[in-house]
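Structure first, then comments.
Just the heavy atoms: all of them, side chains too, but no hydrogens, waters or symmetry mates, feed the values below. Here the structure is a predicted model, which means the values were calculated and not measured.
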Amino acid sequence: MKKLSVKQVILYVGGILMCQMSWMGCYPLIPAFFTAVCLEDAARIALSAAMFLGIVLFVPITAAVKYLMAMGVILITIKLFEWAEGRCTVLCASAAASIATFMMSLSGELLNVRHSTGVVVSLVEAVFVFSSIMMGTRLIDFFMQAGFVPQREEGGHIQESKLVNYADSFSGLSRIFSRMSSAQRVLSAEQMGKIQNELTGTLCTGCNQCALCWEKEESPMYSYLAYMLQSLQRTGEADHEIVVQMQEYCPYTDAVIQESMRIFEKARLNLAWYNRLLENREIIAQQLDAMAYIMEDCVNERCEVTQQHRQLLAEVKYRARERGVIVQNPHIYENKNKRWQLTCDAYAKNGSCISMKELTRAVSVGLERAMRPHRDERAMVSPQGSAVLFEEDTCFHETHAVARMVKDGGRVSGDNYSFLELDNGQMAMMLSDGMGSGSNACKESELVLELLEKFLEAGFSEETALKMMNSAMVIRGEDDLYSTVDICSLDLYTGCCELYKIGAAATFIKHGDFVERVESSSLPVGVTHRMELAATKKQLSDGDFLVMMTDGVLEYLQEEDTDLAMCGILKQLSYQHPGQFADAVLEEVLERTGGKAADDMTILVCGVWKK
């Protein structure tokens with residue numbers, strides 16, 4: 001505020017000095033300077049007093065009356081514009097000042113006021129006033145913004161350091177869990193030895209022939225028992241030949257076999273629980289990695305470039321003020337894809353409300369790139385003010401639709417879908433088909449999509465979100481409840497899409513008359529904790545359509561190659577509206593199935609166009 005007050009005083013002194021500059025009996029810099037500073041809204045009453053003092057001291061009485069009246073008209077005109085529209089543009093103020101000056105000069109000429117200028121001189125003076133205001137507002141704005149140093153947001157560096165430390169901690173924990181022993185499919189030699197010792201300790205200790213069987217080195221019982229335990233591990237039953245041979249030496253062979261099977265069953269159960277524990281450790285390691293990833297991504301998500309673009313921010317403030325909006329505390333951020341975000345505090349002048357579209361135009365012109373307000377921003381800028389977030393506008397826009405049908409005899413579809421618009425210019429289109437049909441399949445697919453939506457909205461990448469969702473479903477551990485997942489992540493800046501298919505049906509992309517299909521073979525989510533993901537990248541262009549569907553649409557086309565048949569169906573369609581496109585695909589499929597739906601059918605269509 002101290003710098004601003006000093007600059008205001010300089011403007012007032014400058015206004016007094018302007019009253020000394022004359023040309024052919026005219027003082028055109030008086031209305032020009034007065035109008036330009038009034039648009040800056042820098043204490044107009046004090047400015048008027050300073051200009052009045054300068055006119056009284058340096059301007060002849062006849063000219064003083066003329067310019068005082070012109071200043072009054074200019075001030076009233078600016079106030080009226082601000083009252084009616086909430087703003088007064090430079091063009092309107094310049095026109096009002098030049099017309100007021102010309103009319104005052106012309107009135108003096110008609111009344112033959114002494115020392116009045118001629119009509120031609122008055123016209124030249126009016127043109128000079130107009131052009132001086134158009135250029136002077138820029139100069140004054142530059143003067144007021146000189147020395148402006150945007151303040152870095154406090155605490156940002158400390159928070160980034162904390163996040164980095166947290167990420168390192170989670171990565172360390174993940175490595176600890178990952179280094180633990182891997183799952184076992186069979187019992188180890190050490191475990192087999194423990195089983196043998198437990199078996200002999202239970203049955204052979206109280207037997208009269210124990211010394212004959214185990215104390216003599218030439219006794220074959222060592223090899224017989226080892227072979228029997230190996231056969232039990234391989235097949236779950238004792239080998240018949242080994243049993244016959246053991247019966248020649250041990251009268252309690254049947255009891256040994258029964259006790260061996262009991263101990264083996266207990267050992268297998270322990271092994272299964274141990275493997276499940278190891279799987280859970282691996283799942284925890286994956287989740288810790290995901291947490292470390294999202295923290296590191298938050299640190300590297302964007303960097304502040306405000307200092308490098310101070311001139312652009314000054315232009316934003318000038319353009320916004322011209323539209324009746326005061327912009328304060330602006331900050332420019334650049335994300336890892338070199339796209340900008342602008343945060344600022346904005347409030348409307350003169351107690352009115354200004355459309356957010358007006359402020360968006362000012363921001364776009366000032367930053368020299370297409371910008372848009374965040375999707376959650378309000379539609380108007382109020383006098384009370386609020387924090388506003390702008391982000392770089394996308395190059396493409398999309399429209400989506402869905403067509404679906406429930407299985408014959410069913411009430412609830414086991415298919416669920418979601419269209420999710422993300423903050424980074426991404427649009428995620430997701431489709432999940434629960435195993436079977438009915439309410440259980442619906443709940444399962446709905447849970448899968450709900451988890452994915454939460455992870456993606458939190459900022460996780462598609463691959464990380466899929467792994468975390470799969471680990472949650474594995475830990476849930478309900479048998480025979482699996483779901484397919486089909487995700488298309490569309491970048492509306494570049495038109496590039498990434499397809500992740502987990503047990504899902506083929507996806508089709510219609511490029512004009514050419515139809516491309518994307519297939520993948522993988523298990524549904526929740527089957528195994530180790531999920532191998534591979535994204536298929538495709539480039540979409542203006543007018544392309546992306547079609548996703550569940551297997552209930554393709555499996556009953558009564559064609560040898562259902563994917564090829566669907567390509568033929570899509571080639572014939574020429575609709576430009578995704579809703580009509582999806583309905584036409586479903587109608588064509590039903591015609592080929594005789595109007596019957598043997599499974600739940602869901603078709604998602606997304607159309608992409610350049611802006």
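Gln20 meets the side chain to side chain contact (heavy atoms under 4.5 Å, CB included) test with Leu17, Phe58; sequence neighbours excluded. Applying the side chain to side chain donor-acceptor pair (under 3.5 Å) test to Lys510 and every residue at least two apart in sequence or in another chain returns nothing. Partners of Tyr500 under the side chain to side chain contact (heavy atoms under 4.5 Å, CB included) rule, at least two apart in sequence or in another chain, are Glu462, Glu463, Leu466, Ile487, Glu498, Ala535. Taking the ring-ring contact (aromatic ring centres under 6.0 Å, His included) definition, one finds that Phe396 meets it with nothing, sequence neighbours left out. Listed by chain and number, the residues in a side chain to side chain contact (heavy atoms under 4.5 Å, CB included) with Ala401 are Pro578 (sequence neighbours excluded). For the salt bridge (charged side-chain N to carboxylate O under 4.0 Å, His left out) test, no residue two or more places apart in sequence or in another chain qualifies with Glu421. Not counting sequence neighbours, the partners of Asn416 by the side chain to side chain donor-acceptor pair (under 3.5 Å) test are Ser445. With sequence neighbours excluded, no residue satisfies side chain to side chain donor-acceptor pair (under 3.5 Å) with Asn424. Remark: Thr360 engages no residue in a side chain to side chain donor-acceptor pair (under 3.5 Å) (not counting sequence neighbours). For the salt bridge (charged side-chain N to carboxylate O under 4.0 Å, His left out) test, residues two or more places apart in sequence or in another chain that qualify with Arg361 are Glu358. Qualifying side chain to side chain contact (heavy atoms under 4.5 Å, CB included) partners for Ser94, counting only residues two or more places apart in sequence or in other chains: Val90, Phe130, Ile133, Met134.
Ring orientation note: the planes of Phe545 and Trp609 are nearly perpendicular, at an angle over 60° on the 30°/60° scale. Taking the six-membered ring where the residue is Trp, His511 and Phe514 present parallel rings, their angle staying beneath 30° rather than reaching 60°.
One side chain, Asp486 or Thr507, offers a donor N or O that lies under 3.5 Å from an acceptor on the other. Side-chain polar atoms of Thr89 and Glu322 form no donor-acceptor pair below 3.5 angstrom.
Residue pairs meeting the ring-ring contact (aromatic ring centres under 6.0 Å, His included) criterion with at least one partner in residues 340-389, sequence neighbours excluded, are His309-Trp340.
In this structure, Arg372 forms no cation-pi arrangement with Phe390, as its terminal cationic atom is not both closer than 6.0 Å to the ring centre and no more than 45° off the ring axis.
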